[in-house]
Amino acid sequence: MTQRDIAIIGAGLSGLTLALALHKQSIPCTVYESRSASLDIGGAVMLSPNALRILDSLGIYEKVKPEGFHFRDLHFRTNVPLDSYEFGNREKYGYDGLRIFRYKLIDALLIATKERGIQIEYGKKFVKILNETETDVSWDFEDGTTGQAACLIGADGIHSRVRKYLYPDLEPKFTNAVGVNAAVPTAQLNLPDSFEIPVTIMNPKHGAFIIAPQLADGSEVFIGKQKRAPELDREGWAALLNDKQWCVDFFRQGAEDFPEVVQNAVSKIELDRISIWPFYVVPKLENWTSKHSRVVILGDAAHAIPPTAGQGINQAFEDVYTFAVIFHRCKPQELQRGLKIWQRGRQKRVNRILELNARIDARRFPRLPGAEKSEVESKPFDLDWLYRPDFDQMAETWLEQAVQA
Ligand SMILES: Cc1cc2nc3c(=O)[nH]c(=O)nc-3n(C[C@H](O)[C@H](O)[C@H](O)COP(=O)(O)OP(=O)(O)OC[C@H]3O[C@@H](n4cnc5c(N)ncnc54)[C@H](O)[C@@H]3O)c2cc1C
Ligand SMILES: *[C@@H]1O[C@H](CO)[C@@H](O)[C@H](O)[C@H]1NC(C)=O
Ligand SMILES: *[C@@H]1O[C@H](CO)[C@@H](O)[C@H](O)[C@H]1NC(C)=O
């Protein structure tokens with residue numbers, strides 16, 4: 001162990017990207033993952049310019065760029081088009097939105113960690129913190145071994161075990177909404193020329209139906225339907241996922257009330273492409289760091305947010321990149337203060353995402369026929385603050401402002 005080495009719990013998107021961001025700042029780290037491979041859930045993800053700029057500076061964007069589907073706007077409609085929301089724009093922000101399979105992104109991150117000689121240990125499940133001092137931290141793995149490092153980072157997802165050290169009783173909160181997802185060939189939809197995708201189609205009775213192209217040539221679409229639902233336990237969700245006929249019925253329920261494209265989409269669904277995503281959130285937390293700042297949480301572990309603005313993963317990339325910059329800039333005795341500044345800066349942006357989610361929800365809620373758009377509905381989204389920043393600069397500004405304050 002050196003004075004600066006970091007242990008990362010979780011080799012998901014947050015953990016792997018954090019490892020690369022730390023390496024860029026010449027900070028040594030080791031990644032520990034409980035499974036035999038990184039978690040690959042939910043098919044594809046959408047990356048916006050803020051995240052793509054970070055992946056670009058870590059040498060990942062060029063690798064994944066040819067592997068995904070590029071697009072600019074997310075559309076909203078009922079039986080008629082309503083509105084759109086920008087998810088990327090090469091001219092304005094440097095990048096179009098990119099929809100890419102999670103495993104492709106993970107593969108690219110794994111190749112990069114290997115090239116840089118970053119160690120990843122699989123089958124190492126973090127269980128609990130043993131001891132935190134002013135200079136280091138030690139912990140137990142499930143296999144009976146212990147670990148020690150200058151800092152332990154919980155990048156272990158929404159059900160974080162590391163978070164238990166900071167919040168022993170906290171459980172993620174169910175939002176009473178669930179999404180059922182699948183993938184079908186785009187040709188099956190018989191899309192009219194005027195029907196723009198990716199799109200969210202709202203129906204007051206049946207909830208929202210989402211269609212989003214994927215694969216580099218857009219030849220496949222993700223289909224997803226969201227609906228209110230009562231909470232189930234882990235086994236309950238697993239049982240529902242295994243009940244493929246329930247999932248197909250769920251997709252088809254009320255299809256006749258949606259545009260014909262939706263009826264075509266659900267006419268034939270491969271059962272092994274179906275997944276369920278119950279929406280859980282982590283309530284706003286006062287501390288992402290422990291008393292001596294030797295234990296830190298980030299990504300979904302710190303702030304799992306609803307998927308409305310599609311920022312879940314994108315915000316995790318902002319966390320890890322700015323963390324690495326601030327950790328690099330702080331001397332050991334400044335770490336505690338530095339990480340508080342980091343958390344404050346990051347929480348402000350997460351709060352703005354939550355406000356954005358609420359604004360999008362307000363627009364998505366279908367109006368009665370003939371009703372005027374309310375003021376908040378017709379005001380265009382200003383997304384410069386979200387998509388434009390340079391994150392090295394942002395972290396520096398946080399530190400400067402803290403000095404002046
Ligand atoms: C079905 C589904 C679809 C989704 N689609 C999208 C999307 O389209 N866009 C989007 O932005 N977000 C999406 N999300 C949310 C997104 O998955 C998360 O925001 C993102 O995965 C968070 O990354 P993470 O690295 O913080 O956590 P995770 O991806 O959960 O990774 C955590 C890692 O830590 C490991 N781990 C956990 N506990 C331990 C332990 N005790 N010891 C060691 N390792 C451990 C896990 O095995 C895993 O590899 C989706 C989520 C689900 C469930
Ligand atoms: C934690 O570490 C400190 C400093 O090394 C030591 O004095 C203390 O006994 C340790 N506590 C436990 C519970 O191991
Ligand atoms: C957050 O950390 C501070 C300082 O260590 C502590 O006083 C406070 O109780 C913590 N808050 C919670 C909710 O744990």
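Numbering of ligands and ligand atoms starts at 1, following listing order.
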Visitor: Between ligand 2 and N131, is the shortest N or O to N or O distance under 3.5 Å?
Guide: yes
Visitor: Give the residue and atom name of whichever protein heavy atom lies nearest to atom 13 (C) of ligand 1, and the separation in Å to one decimal.
Guide: W277 CH2, 3.3 Å
Visitor: Under the 3.5 angstrom rule, does the side chain of R346 hit a backbone N or O of Q315 as a donor-acceptor pair?
Guide: yes
Visitor: May I ask you to decide whether E220 forms a salt bridge with R99, counting only side-chain N to carboxylate O separations under 4.0 Å?
Guide: no
Visitor: Quick check: do F251 and F209 have side-chain heavy atoms less than 4.5 Å from each other?
Guide: yes
Visitor: Is E171 paired with K164 through a side-chain N to carboxylate O contact shorter than 4.0 Å?
Guide: yes
Visitor: Could you tell me whether R329 and E396 have a side-chain N and a carboxylate O separated by less than 4.0 Å?
Guide: yes
Visitor: Examine the proximity of ligand 1 to A304 and report which part, side chain or backbone, both or neither, has a heavy atom under 4.0 Å away.
Guide: neither
Visitor: Against ligand 1, does Q315 come closer than 4.0 Å with any heavy atom?
Guide: no
Visitor: Going by the closest heavy atom to atom 32 (C) of ligand 1, which one wins out of A51, G10, S160, A155?
Guide: A155
Visitor: Give the atoms of ligand 1, by number and element, whose distance to some non-hydrogen atom of R161 is under 4.0 Å.
Guide: 41 (N)
Visitor: Hydrogens and angles aside, do Q148 and D136 bring a side-chain donor and acceptor to less than 3.5 Å of each other?
Guide: yes
Visitor: Looking at non-hydrogen atoms alone, which of L47, D300, I297, V45 comes nearest to atom 22 (C) of ligand 1?
Guide: D300
Visitor: Which atoms of ligand 1 sit under 4.0 Å from any heavy atom of L39?
Guide: 30 (O), 48 (C), 49 (O)
Visitor: Any side-chain donor-acceptor pair under 3.5 Å between E231 and Y280?
Guide: yes
Visitor: Does Q311 reach ligand 1 with a nitrogen or oxygen that is under 3.5 Å from one of the ligand's nitrogen or oxygen atoms?
Guide: no
Visitor: I need the nearest protein heavy-atom contact for atom 44 (N) of ligand 1: residue, atom name and distance, please.
Guide: S34 N, 3.1 Å
Visitor: S14 heavy atoms, cut-off 4.0 Å: which ligand 1 atoms fall inside?
Guide: 23 (O), 24 (P), 25 (O), 26 (O)
Visitor: Would Q311 and N50 count as having a side-chain donor-acceptor pair, cut-off 3.5 Å?
Guide: yes
Visitor: Donor-acceptor pair, distance only, cut-off 3.5 Å: does the side chain of R53 make one with the backbone of P389?
Guide: yes
Visitor: For ligand 1, which atoms sit closer than 4.0 Å to a heavy atom of G312?
Guide: 11 (O), 19 (O)
Visitor: If you measure from each non-hydrogen atom of A316 to ligand 1, which part falls under 4.0 Å: side chain, backbone, both or neither?
Guide: neither
Visitor: Considering the heavy atoms of L13, write down every atom of ligand 1 situated less than 4.0 Å from one of them.
Guide: 25 (O)
Visitor: Determine whether a donor-acceptor pair (N or O, by modelled atom type, separation under 3.5 Å) exists between the side chain of Q226 and the backbone of A208.
Guide: no
Visitor: Name the option, out of E33, K125, M46, that contains the heavy atom nearest to atom 46 (C) of ligand 1.
Guide: E33
Visitor: Please work out whether any backbone atom (N, CA, C, O) or any side-chain heavy atom from C-beta onward of K124 is under 4.0 Å from ligand 1, and answer side chain, backbone, both or neither.
Guide: backbone
Visitor: Between F323 and W288 (judged by ring centroids, cut-off 6.0 Å), do the two rings come close enough to count as a pair?
Guide: no
Visitor: With distance as the sole test, does D300 use its side chain to make a donor-acceptor pair with the main-chain N or O of V282 at under 3.5 Å?
Guide: no
Visitor: Just jot down the ligand 2 atoms closer than 4.0 angstrom to any heavy atom of T133, in number order.
Guide: 2 (O), 3 (C), 4 (C)
Visitor: Judged by atom type as modelled, is there a donor-acceptor pair below 3.5 Å linking the side chain of S84 to the main-chain atoms of H75?
Guide: no
Visitor: Taking 4.0 angstrom as the limit and counting only heavy atoms of R102, give me the atoms of ligand 1 inside it, by number and element.
Guide: 4 (C), 14 (N), 16 (C), 17 (O), 20 (C), 21 (O), 29 (O), 50 (C)
Visitor: A quick test of your reading: do over 12 heavy atoms of other residues, nucleotides or ligands sit less than 6.0 Å from CD of E260?
Guide: no
Visitor: Counting only nitrogen or oxygen atoms and a 3.5 angstrom limit, does F126 reach ligand 1?
Guide: yes
Visitor: Which residue and non-hydrogen atom of the protein lie closest to atom 28 (P) of ligand 1, and at what distance in Å?
Guide: G157 CA, 4.1 Å
Visitor: So if I only count non-hydrogen atoms and take anything under 4.0 Å from ligand 3, which residues does that give, chain by chain?
Guide: Y167, E286, N287
Visitor: Keeping the roles fixed (side chain from K225, backbone from Q253), state whether a donor-acceptor pair exists under 3.5 Å.
Guide: yes
Visitor: Can K124 be said to sit on top of Y32's aromatic six-ring, NZ or CZ under 6.0 Å from centre and within 45° of the ring axis?
Guide: no
Visitor: With a cut-off of 4.0 Å, which atoms of ligand 1 are near a heavy atom of A44?
Guide: 8 (O)
Visitor: Using atom types as modelled and distance alone, determine if a side-chain donor or acceptor of D96 lies under 3.5 Å from a backbone N or O of F71.
Guide: no
Visitor: Are side-chain heavy atoms of I9 and R161 found at a separation under 4.5 Å?
Guide: no
Visitor: Look at atom 37 (C) of ligand 1 and say which protein heavy atom is nearest, naming residue and atom and giving the distance to 0.1 Å.
Guide: D156 O, 3.4 Å
Visitor: When you measure from atom 20 (C) of ligand 1 to every protein heavy atom, which one gives the shortest distance, and what is it?
Guide: I313 CG1, 3.6 Å
Visitor: Among all protein heavy atoms, pick the one closest to atom 31 (O) of ligand 1 and tell me residue, atom and distance.
Guide: G12 CA, 3.7 Å
